[in-house]
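Below is one structure; the comments refer to it alone.
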Amino acid sequence: MFNLLVIGGAGYIGSHMVKQLLEADYHVVVLDDLSTGFENAITAENARLIIGDVGDRALLDLLFSTEKFDGVLHFASLIQVGESVAQPARYYRSNVAKTLTLLEAMVEHGVGPLIFSSTAAVFGEPEYSPIDEAHRQAPINPYGASKFMVERMLEDFDRAYGLKSVALRYFNAAGADPEGRIGERHDPETHLIPLALHAVLGARPPLKVFGRDYSTPDGTCVRDYIHVTDLAEAHLRALEYLWAGNPTARFNLGNGNGFSVQEVMDAVERVTGQPVPHENAPRRTGDPAHLVADSRAAKSTLGWNPRYADIDTIVAHAWAWEQKRVRLR
Ligand code: UDP
């Protein structure tokens, strides 16, 4: 049975990954410091949780010398653009330095391959759309820069030490487990769909629409919302790709369908049957008008096939989860 280490497996995308791996009969060890993740996001008893820091070299040495892993999936990172501008040191420490510790330990213990969570933010201001893998990488904030630096390290580590990896650039991860057992939980929450749903539930103030004067059809920003279950699926395909002996690579993951903030609010209204309480607000710094992925490479090379491309389905799964969360409170 394949044994996989999932770092950050108690977080939003990581926990959906763990669920999918267990359903596919993989053996899973989760390493998570629970700084932003939740212990009860790991739904099955047969995933072992080690509470610890990916930057703890002694812990990694112990783990890699006592257990054999067939692959590592690294989800643990800080993800807030605004915070990264205010506190770059934290971002470079967590996202770059700790990942370097992981890579060194993997090389030393002969562990691999690695699937790395990257982001559309590695591209910076889009020069054309949809964004494919050939797009220039020019991140405009420390968050994007930190992921870009790791992508660069991964190339160098392959060339020098033969560590095989796939970096997956997520566009806007959204939705929740279709079975409703787990979902998105960020604290503080900054993402559009949960904030719109919380506004409908009256659990938060009205949604602020950050800018209506963008050069898009309705003036609000367009993003590529990709279902978290589809994202998890791409990681499995990427592992299989590397296990088959294919080279280190990077792929952009999205639906290829852009939806504006207004279109997302319309979807929330359709799904919940209620209007989204909202108010117009100034633009948020660092928000490009339009960010949409060209995922043809992931589809053709990895055989990845996103199942939940429809925005109403993505919102419906998120809505089921939010209602469950409210009842759990
Ligand atoms: N957005 C918004 N109000 C909010 C949060 C987000 O208008 O309270 C907009 C944001 O400007 C962006 C889109 O929704 O255009 C998606 O933002 P999110 O933070 O969910 O993801 P990001 O695109 O920043 O990764």
Side-chain angles (χ1 to χ4, degrees), residues 11-13 36 75 77-86 91 95 117-126 129-131 139-148 168-176 183-201 203-228 231 252-269 275-293 311 314-315 317-319 321-322:
Y12 172 41
I13 304 172
T36 56
F75 294 91
S77 80
L78 300 176
I79 58 160
Q80 289 180 48
V81 169
E83 189 182 71
S84 80
V85 175
Y91 275 69
N95 295 3
S117 300
S118 190
T119 169
V122 297
F123 296 111
E125 200 62 47
S129 184
I131 298 175
I140 53 170
N141 51 62
Y143 168 62
S146 71
K147 295 288 187 174
F148 175 57
L168 297 174
R169 286 89 168 245
Y170 313 152
F171 279 60
N172 285 63
E184 188 165 7
R185 270 192 282 180
H186 292 114
D187 187 16
E189 188 53 75
T190 60
H191 292 111
L192 176 64
I193 294 175
L195 288 177
L197 294 172
H198 295 168
V200 166
L201 286 167
R204 276 178 208 264
L207 178 74
K208 286 192 165 67
V209 178
F210 293 143
R212 285 204 178 264
D213 56 350
Y214 284 96
S215 55
T216 56
D218 65 23
T220 62
C221 285
V222 172
R223 293 289 179 273
D224 186 332
Y225 296 90
I226 174 79
H227 197 291
V228 63
L231 278 185
N252 297 353
L253 298 182
N255 272 314
N257 277 325
F259 292 96
S260 70
V261 172
Q262 183 59 55
E263 286 172 327
V264 170
M265 288 165 58
D266 295 343
V268 170
E269 291 203 19
V276 180
H278 66 277
E279 58 193 41
N280 296 332
R283 290 182 175 196
R284 191 172 64 175
T285 322
D287 266 346
H290 196 270
L291 266 183
V292 175
I311 190 71
I314 292 175
V315 170
H317 291 166
W319 177 232
W321 162 249
E322 291 300 344

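Order of listing sets the numbers, starting from 1, for every ligand and every atom in it.
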Protein heavy-atom partner closest to atom 11 (O) of ligand 1 - residue, atom, separation in Å: Asp287 OD2, 2.6 Å

Evaluate His191 for polar contact with ligand 1, using N/O atom pairs at a separation under 3.5 Å. no

Subset of ligand 1 atoms that lie under 4.0 Å from at least one heavy atom of Leu195: 8 (O)

Just by modelled atom types, is the Trp319 backbone N or O under 3.5 Å from a matching donor or acceptor in the Glu322 side chain? no

Best match, Asn172, Leu291, Leu207: closest heavy atom to atom 21 (O) of ligand 1: Asn172

Near Val209 (heavy-atom distance under 4.0 Å), the atoms of ligand 1 are 7 (O)

Ser118 versus Tyr170, side-chain donor and acceptor atoms under 3.5 Å: no

Identify the closest protein heavy atom to atom 20 (O) of ligand 1: which residue and atom is it, and at what distance? Leu192 N, 2.8 Å

I'd like the name of whichever of Tyr143, Tyr225, Phe210 reaches closest to atom 7 (O) of ligand 1 through any heavy atom. Phe210

Distance to 0.1 Å, residue and atom name: give those for the protein heavy atom nearest to atom 5 (C) of ligand 1. Thr190 O, 3.5 Å

To the nearest 0.1 Å, how far is atom 15 (O) of ligand 1 from its closest protein heavy atom, and which atom is that? Cys221 CB, 2.9 Å

Return the residue, atom name and 0.1 Å-rounded distance of the protein heavy atom closest to atom 17 (O) of ligand 1. Arg284 NH2, 3.4 Å

Is Val261 in polar range of ligand 1, meaning some N or O pair under 3.5 Å apart? no

I'd like to know if the side chain of Asp224 and the backbone of Gly254 have a donor-acceptor N/O pair within less than 3.5 Å. no

Main-chain N/O of Ala196 paired to His198 side chain as donor or acceptor, under 3.5 Å: no

Salt bridge check, Asp218 against Arg212: does any charged N sit closer than 4.0 Å to a carboxylate O? no

Stacked cation flag Arg223 on Phe171, 6.0 angstrom / 45 deg: no

Is the backbone N or O of Ile79 less than 3.5 Å from a side-chain atom of Ser77, with the two atoms forming a donor-acceptor pair by type? no

Ignoring hydrogens and angles, tell me if any N or O in the side chain of Asn95 forms a donor-acceptor pair with the backbone of Ser146 under 3.5 Å. no

Closest approach of any protein heavy atom to atom 3 (N) of ligand 1, naming residue and atom: Lys208 O, 2.6 Å

